[in-house]
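Because only heavy atoms are used, hydrogens play no part in the values below, and waters and symmetry mates are left out as well, while side chains stay in.
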Amino acid sequence: MELKSMDAKLLQKCFIAGAKNLDSKKEWINELNVFPVPDGDTGTNMTMTIMSAAKEVGGITDPNLDNVATAISRGSLRGARGNSGVILSQLFRGFTRVIKKEDEITTEVLAKASTKAVEQAYKAVMKPKEGTILTVAKGISEKINELADDEDDIIKLVSETIKHGEYVLSQTPELLPVLKQAGVVDSGGQGLMVVLEGCYDALLGKEIDYTVEGAAAPEVTINTDDLPMEEADIKFGYCTEFIINLDNPMSDDTERGFKEFLESIGDSIVLVADDEIVKVHVHTNQPGEAFTKALTFGSLSRMKVDNMREEHHERLIENASKKAAQEKLKEASEKVEEPRKDYGFISVSVGDGLTEIFKSVGVDYVVSGGQTMNPSTDDIMSAIDEVNADNIFILPNNSNIIMAAQQAQSLVKDKNIIVIPTKTIPQGIAAMISFMPDQSPEDNEKSMVEAFAYVKSGQTTYAVRDTEIDGKEIKEGNIMGLGDDGILAVGTEIEATTVDTVVAMADENSEMVSVYYGEDTTEEDANALAAKIEEALPEVEVEVYPGGQPVYYYIISVE
């Protein structure tokens, strides 16, 4: 079997097959996490990133290389979660920049596209590390370029590339000592290989279910009176609504052209545009085509598709849609009219107690997420949209969310977005407390970064597998105390291990310990812990707060 070129339909199948293969193996990839914590999330982050794109790709009914490439790039960019997900989205972004300009994909095109993919991904990482997904991607690209000179069969090229990619992946522990110590390969690199292997299955014509749940958009059911309606009475079955966040203002000619396109695939069209957004309503049988065309003008939000053939009364649905559209336009109008303030703040956190703490120190919008669930680039952009300020500071509070925040920063044009690279909840709180409203954005950025640098952070949780790290033997079920630079304490009791962790964090200059207790810890237990810490460190003041965070019994700061 030979394959000299790929068209858009085959690319569509390959991408969906790769995404679904990753989805089926995400838990296995999660288990490759170096630290044996219960929230290893590389597989989950990469899966949610690629499935965000797969939903857009799966909704294309008339694929060409341009619209498939656009869906891959935009979908993964907006859906990117965690460092591994952001890097994966950047690989796709570079790859699609090449293929969208081509009529077909050959081995030569694959070589150019893979080179661009790696360049884009390395550029996105401030301090690239070898032994990661970047190394595996680079190895894959180098092999494709080596083979493409003499090989015009795509199937052979991909087969040999997978073999080489597996070898590069096997060498990642030699490049990153922490991987070797934990006895695992890089989880992000493994995820990338799983995607490539799924693509290869599609190339071979293996039996694969190419349907993607929610490919067009999530359906919303509207309760109506129990009145009969014949399905044949409805010419266009899907009431489709969405907002386009424009990359550039839409000219009158472009607006007319877009309306004509919508008229060619549906009716009941409402299109309201200003310089920043376009509100769209259309009844159509191809909602995916409406989304795909809209993506050529900017990113999409507030997408809604109602299957009118499954509803009891078309008129009630239309009325509900018009009412919702009016309310949304009214809300948008009120929001535009409200004067912007100088400064706004977005923080990432999870747990009712931590959310209240951040709001009490001035945060406008708390994005739900953290180590257990990294918010996507789109989640952060939605938060930015909700904060009506000229200068918006974002506190990721997790090293695995910083890149998604920075990616959102690069996509926003009408506000000054400043990402303060906080890696922990205590760092985020310290940064907020140091903010001075009478200072410039630049001076505040500097002072906020300086403030969180003085904070030591720790947390206690349980181990999910046996391993050995930093000379500490860890058994499944052990309690671990984690610090900024690794594991500080291991034991069998939560309180004793947490005290050991705090003692390891403190030094002669330490004055204050703040303890935030999680959802599985009682206030009584937290107060008892505070007493033990004061006994071990009599010169230090200890304060206890309800955090409500999952997974981690305690989050601790030492200042």
Side-chain angles (χ1 to χ4, degrees), residues 29-30 32-46 48-49 80-90 121 124-134 176-179 182 186-189 191 346-351 354 358 367-377 379-380 393-409 418-432 445 448-461 469-470 480-488 505 516 549-552 555-557:
I29 294 169
N30 283 341
L32 295 176
N33 191 41
V34 170
F35 290 102
V37 292
D39 55 0
D41 52 10
T42 298
T44 300
N45 284 335
M46 294 184 73
M48 295 185 78
T49 299
R81 296 174 187 265
N83 294 343
S84 55
V86 172
I87 293 172
L88 184 65
S89 74
Q90 292 298 319
V125 181
M126 187 172 296
K127 295 180 180 179
K129 281 187 179 180
E130 297 304 330
T132 65
I133 182 176
L134 292 171
L176 269 184
V178 68
L179 294 176
D186 178 67
S187 53
I346 295 169
S347 175
V348 180
S349 180
V350 64
L354 294 175
F358 275 113
V367 179
S368 180
Q371 190 62 32
T372 52
M373 177 55 71
N374 299 152
S376 67
T377 298
D379 292 333
I380 297 171
F393 291 87
I394 300 178
L395 308 167
N397 302 330
N398 187 294
S399 60
N400 211 29
I401 301 174
I402 293 172
M403 287 186 68
Q406 291 170 337
Q407 187 150 281
Q409 177 187 34
I418 303 166
V419 177
I420 305 297
T422 52
K423 297 180 180 179
T424 66
I425 293 293
Q427 288 183 354
I429 295 171
M432 276 303 304
E445 179 180 9
M448 291 169 82
V449 170
E450 288 176 350
F452 82 68
Y454 289 106
V455 176
K456 296 179 181 178
S457 305
Q459 49 202 356
T460 52
T461 187
I469 299 177
D470 297 332
M480 301 181 298
L482 309 175
D484 293 322
D485 298 317
I487 296 178
L488 300 177
M505 293 167 62
Y516 306 89
Q549 71 274 4
V551 179
Y552 293 93
I555 293 174
I556 306 142
S557 73

Could you tell me whether a side-chain N or O of [X] sits under 3.5 Å from a main-chain N or O of [Y], the two making a donor and an acceptor?
{"X": "Thr422", "Y": "Asn397", "answer": "yes"}
{"X": "Asn83", "Y": "Ser399", "answer": "yes"}
{"X": "Asn45", "Y": "Ser84", "answer": "no"}
{"X": "Gln427", "Y": "Lys423", "answer": "yes"}
{"X": "Asn400", "Y": "Gly82", "answer": "no"}

(request) Could you list the residues that satisfy salt bridge (charged side-chain N to carboxylate O under 4.0 Å, His left out) with Glu130, not counting sequence neighbours? (result) Lys138
(message) Once salt bridge (charged side-chain N to carboxylate O under 4.0 Å, His left out) is applied, do any residues pair with Lys456, and if so which ones, sequence neighbours excluded?
(response)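 Scan of Lys456 (salt bridge (charged side-chain N to carboxylate O under 4.0 Å, His left out), adjacent residues dropped) gives Asp507.
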Are any non-hydrogen side-chain atoms of [X] and [Y] less than 4.5 angstrom apart?
{"X": "Ser557", "Y": "Ile429", "answer": "no"}
{"X": "Ser376", "Y": "Thr49", "answer": "no"}
{"X": "Ile394", "Y": "Gln409", "answer": "no"}
{"X": "Pro550", "Y": "Val350", "answer": "yes"}
{"X": "Ser89", "Y": "Gln407", "answer": "yes"}

Looking only at heavy atoms, which two atoms of [X] and [Y] are closest? And how far apart?
{"X": "Pro375", "Y": "Val348", "answer": "CG-CG1, 3.9 Å"}
{"X": "Val455", "Y": "Ala430", "answer": "CG2-CB, 3.5 Å"}
{"X": "Asp186", "Y": "Thr132", "answer": "OD2-C, 3.3 Å"}

(message) List the residues meeting ring-ring contact (aromatic ring centres under 6.0 Å, His included) with Phe358, not counting sequence neighbours, and say none if there are none.
(response) none
(request) Begin with the C-alpha distance, continue with both residues' side-chain angles, and end with the deciding distance and a verdict on side-chain hydrogen bond (donor to acceptor under 3.5 Å, both in side chains) for Thr44 and Asn30. (result) CA-CA 7 Å; Thr44 300; Asn30 283 341; 2.9 Å; yes
(message) With a 4.0 Å cut-off on N to O distance, would you call Arg81 and Asp379 a salt bridge?
(response)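 Here Arg81 pairs with Asp379 in a salt bridge, since their nearest N and O are under 4.0 Å apart.
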(message) Determine whether Leu32 and Thr42 satisfy the following criterion, side-chain contact (heavy atoms from CB on, under 4.5 Å), listing intermediate values before the conclusion.
(response) CA-CA 8 Å; Leu32 295 176; Thr42 298; over 6 Å; no
(message) Please report the interatomic distance CD1(Ile401) to CD1(Ile380), rounded to the nearest 0.5 Å.
(response) 7.0 Å
(request) Establish, from distance only, whether the side-chain atoms of Gln459 and Gln549 form a donor-acceptor pair under 3.5 Å. (result) no
(message) Run the side-chain contact (heavy atoms from CB on, under 4.5 Å) test on Ser457 and Ile555 for me, step by step, so that the C-alpha distance in whole Å, both residues' side-chain angles and the decisive distance to 0.1 Å come before the verdict.
(response) CA-CA 7 Å; Ser457 305; Ile555 293 174; over 6 Å; no
(message) With side-chain contact (heavy atoms from CB on, under 4.5 Å) as the criterion, how do Ile346 and Phe393 come out once you've worked through the C-alpha distance, each side chain's angles and the decisive distance to 0.1 Å?
(response) CA-CA 6 Å; Ile346 295 169; Phe393 291 87; over 6 Å; no
